[in-house]
Structure formats: C-alpha cells, structure tokens
Amino acid sequence: MLPTTPLTPPFALTRASHVVLGVRDLGRSRDFYRDVIGLVVTEETGSAVYLRGLEEAAHHSLVLMAAGDAPRALQVGFRVRTPDDLDRAERHLAAAGIEAQRVDVAHQGPTLRFRDGVGTHIELTASMDLADRRMQAYHEFRAGAPQRLDHFQVVTHDVQTATDFWAALGMRLSEYTARDGTDELWGTWMAVKGNTHDLVFTNGRGPRLHHFAYTVPDATALIHAADVAGSLGFGNEIDRGPGRHGISNALFLYLRDPDQHRVELFTTHYQFIDLEDQPIRWDVSDPRRAQLWGLPASARWFFEASEFPDEPVREPLMTATPATLEDYLAIH
Ligand SMILES: [Fe+2]
C-alpha cells in the first residue's frame, strides 16, 4: 500500500546528513575512507575520526568510532531545519509514544536520538560546526573524489511500517519495488531534499544498515575509485558494480570497508520536487529495476549488512527474494 505524505509535516526534515560507524581499528578505517574512497579527514581524536565529502561545509558526514571487536552501525543522521524543528520532533515523537533522548554530540548543535518504527537508530540535529568546502581544491582530489553524502539504505523486516513512519514525517515516495502485479511493498525510495532518495528501505532481515552513499563528479571518478581500490588491495571488496540502476538512474559502485560496512559511490540522481510527480513502480522480479546493464548483485550484497547495537534483527514479513549473481551464473 502506498504511503500518504502530509503537505505540512510535524517538523522540517531537510536531508540525509551523517552516519556514525563503530569500527575495530580507527587508523585502518580512516585510511580506507581517505585513500580508497577519497573523503577529507576533518578531525581525529583518540576515539573518533570525522570525515566529510569535498564539497561539504558541515564538519562531518561520516564519523568512525572505536568500537572494540564489535563493529556496528551506530547512528543514521538527518538534519532538521532549525532548533525549533528539533523541539517539534521531540514533541511529535513523545505524542507517538516513541522514546527519544537529547544528547550532547561533539561538533553538532542540539541532537535528538530515537529508534524509528522498525528499530533503525536515528539521530537528528539542526546544525554542525562549519568546515571549508574543498570542491575547488582539485589538486587534493583522490580516489572517487566524493562530493557529498546523499542517502542511506536500511534493510527492514517490515517495509510497509518503515515507509509509513517516514512518510508521516514528510518523506515522499519517488520509486518503489513491489511483489509482482501488486502494491505490496518490497522496497521504497523516499526523498525529502529534492532528488529521488534520502532514505531507502528494502525487505530482509533487519533493521540493518545496508549502505550509505556519496555522490561522485562523473563516471571517470567512479572508475578511478575502482582502480584505486584495486591498487590498494581492496579490489575484492567491491561487492557490486559498476553498473546502472534502473531505480533512480544511478551509475553505481559499492565497496566494503575493513569492517564490512558498505559504502556506495554513484553519479547523482534526477530531481524529485514537484508535487504532481508520481512514484515509479517496479516489479520485484524485473531485473531492470536493479540494473539497466551490468551483472546482478552478489549474494553478499543482498544479504550482508551492518547491525545496530543491542537491536534485535527480525526475519522479513515478505518472502520475495530477488535473483542474485550466483543464481544468474547457475543458469547461464
Ligand atoms: Fe544507494
């Protein structure tokens, strides 16, 4: 069933903003995101590394936190427009019976943490410390030259509940995958900032963070990132792509970091702003939704993702499973 998005949501979400990952070895993960992906290191402490994309003016879009031997996805971060919006978010969540905590987070303004309708660990903030945009420091570009964080994909046992939760907060459905011939949701691509998605939910064991994604300038940067991954010994950690998604029209590459967290590099999406724009529907069995060209995703791309701490993982309500690369190879 398709969700309803109110024209006047309870508070103003503006965009996917930042992700916090627990990692086993801060130095090793910093090297990966700086050298293999191409992010800028804003700051390092003994327990955290803060990174950002080249064009980003916010202090961080990726935070690596020392997490001992238990690497996890810690927070999926969004921005709200003003501190008043954070107050409104707090009141809205309280009225909905959802527990939320105000927390002090370095380099961020007032910050609110809660778990969404399917257990995803969410962090909202209205502001961050500023950093220099490096978008014209072309001599510093390396690997994929990632420009900005764009979106998150979360695996959930209940795509309908997740989608309804975020639609009520103002996210609009731009594209969706459903059981063949129906509107029984397998995956939803939801947007608030004006392109096709800030947040994606797909059916599976969850909640788990499947990936977070940075934009790259062009196809050449994407291929260069793949070359750099190969030359630095991470060639086998490309678990999908390059290829072209049917959904959202992205040229994509997915890589696994030293803790197997997954990051996507992709060329940008199309605009999704006007209210009369309608979501695009895809049958789950249609291979073109996943790739217009390129091989199907590997089983590890489909089935592996990062758990959240102390958050039980539940079996999916829907049993539809897309064909994997391994399925494809078995019949060709
Ligand atoms: Fe993505």
Side-chain angles (χ1 to χ4, degrees), residues 15-19 21 33 37-39 53 61-62 73 76-78 120 144 146-156 159 162-163 166 171-177 185-204 206-219 221-222 225-226 229 237-257 260-272 279-280 282 284 287-298 300-306 322 324-325:
R15 65 178 180 90
S17 160
H18 59 285
V19 60
L21 300 178
Y33 284 104
I37 302 301
L39 293 175
S61 53
L62 170 62
V76 172
F78 292 89
T120 316
Q147 299 293 302
R148 61 183 181 274
L149 183 82
D150 183 82
H151 65 266
F152 306 109
Q153 183 162 323
V154 173
V155 190
T156 176
V159 171
T163 303
W166 286 94
M171 290 242 185
R172 291 178 63 206
L173 189 68
S174 65
E175 304 205 23
Y176 65 103
T177 295
L185 300 174
W186 183 90
T188 52
W189 280 254
M190 304 184 81
V192 71
K193 71 177 171 303
N195 69 0
T196 58
H197 46 286
D198 292 89
L199 182 58
V200 178
F201 286 102
T202 54
N203 180 71
R208 295 178 297 156
L209 179 64
H210 186 271
H211 68 264
F212 55 100
Y214 280 89
T215 64
V216 297
D218 53 31
L222 195 86
E237 299 303 336
I238 294 173
D239 73 353
R240 187 175 185 184
R244 173 79 68 180
H245 285 310
I247 293 174
S248 82
N249 200 37
L251 187 72
F252 62 83
L253 182 75
Y254 295 88
L255 303 100
R256 308 294 288 278
D257 81 4
Q260 295 296 295
H261 299 305
R262 185 181 292 103
V263 58
E264 176 187 11
L265 299 177
F266 77 110
T267 56
T268 53
H269 297 141
Y270 62 91
Q271 285 190 345
F272 191 82
I280 297 173
W282 301 81
V284 72
R288 286 168 56 84
R289 71 175 185 83
Q291 56 274 324
L292 284 179
W293 56 264
L295 291 167
S298 59
R300 69 174 179 152
W301 187 92
F302 272 120
F303 300 120
E304 295 178 10
S306 301
T324 64
L325 174 62

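Both counts, for ligands and for their atoms, begin at 1 and track the order of listing. Computed from heavy atoms alone, side chains included, the values below leave out hydrogens, waters and symmetry copies.
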Evaluate the salt bridge (charged side-chain N to carboxylate O under 4.0 Å, His left out) criterion for residues Glu237 and Arg300: first the C-alpha distance (whole Å), next the side-chain angles of each, then the deciding distance (0.1 Å), finally the verdict. CA-CA 11 Å; Glu237 299 303 336; Arg300 69 174 179 152; 3.6 Å; yes
For Arg172, give me all partners under salt bridge (charged side-chain N to carboxylate O under 4.0 Å, His left out), at least two apart in sequence or on another chain.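 Residues passing salt bridge (charged side-chain N to carboxylate O under 4.0 Å, His left out) with Arg172: none at all.
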Arg240: partners by salt bridge (charged side-chain N to carboxylate O under 4.0 Å, His left out), with sequence neighbours left out: none
So that I know where these two stand, are Trp189 and Tyr176 an aromatic pair - ring centroids less than 6.0 Å apart?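 That pair fails the under 6.0 Å test.
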With sequence neighbours excluded, residues passing side-chain contact (heavy atoms from CB on, under 4.5 Å) with Pro146: Ile37, Leu39, Tyr214, Leu265
Heteroatoms of the protein, restricted to N/O/S, which lie under 2.8 Å from the Fe ion (ligand 1):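 Hits for the Fe ion (ligand 1) below 2.8 Å: His151 NE2, His211 NE2, Glu264 OE1.
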Show your reasoning for whether ring-ring contact (aromatic ring centres under 6.0 Å, His included) applies to Phe266 and His151. CA-CA 11 Å; Phe266 77 110; His151 65 266; 5.1 Å; yes
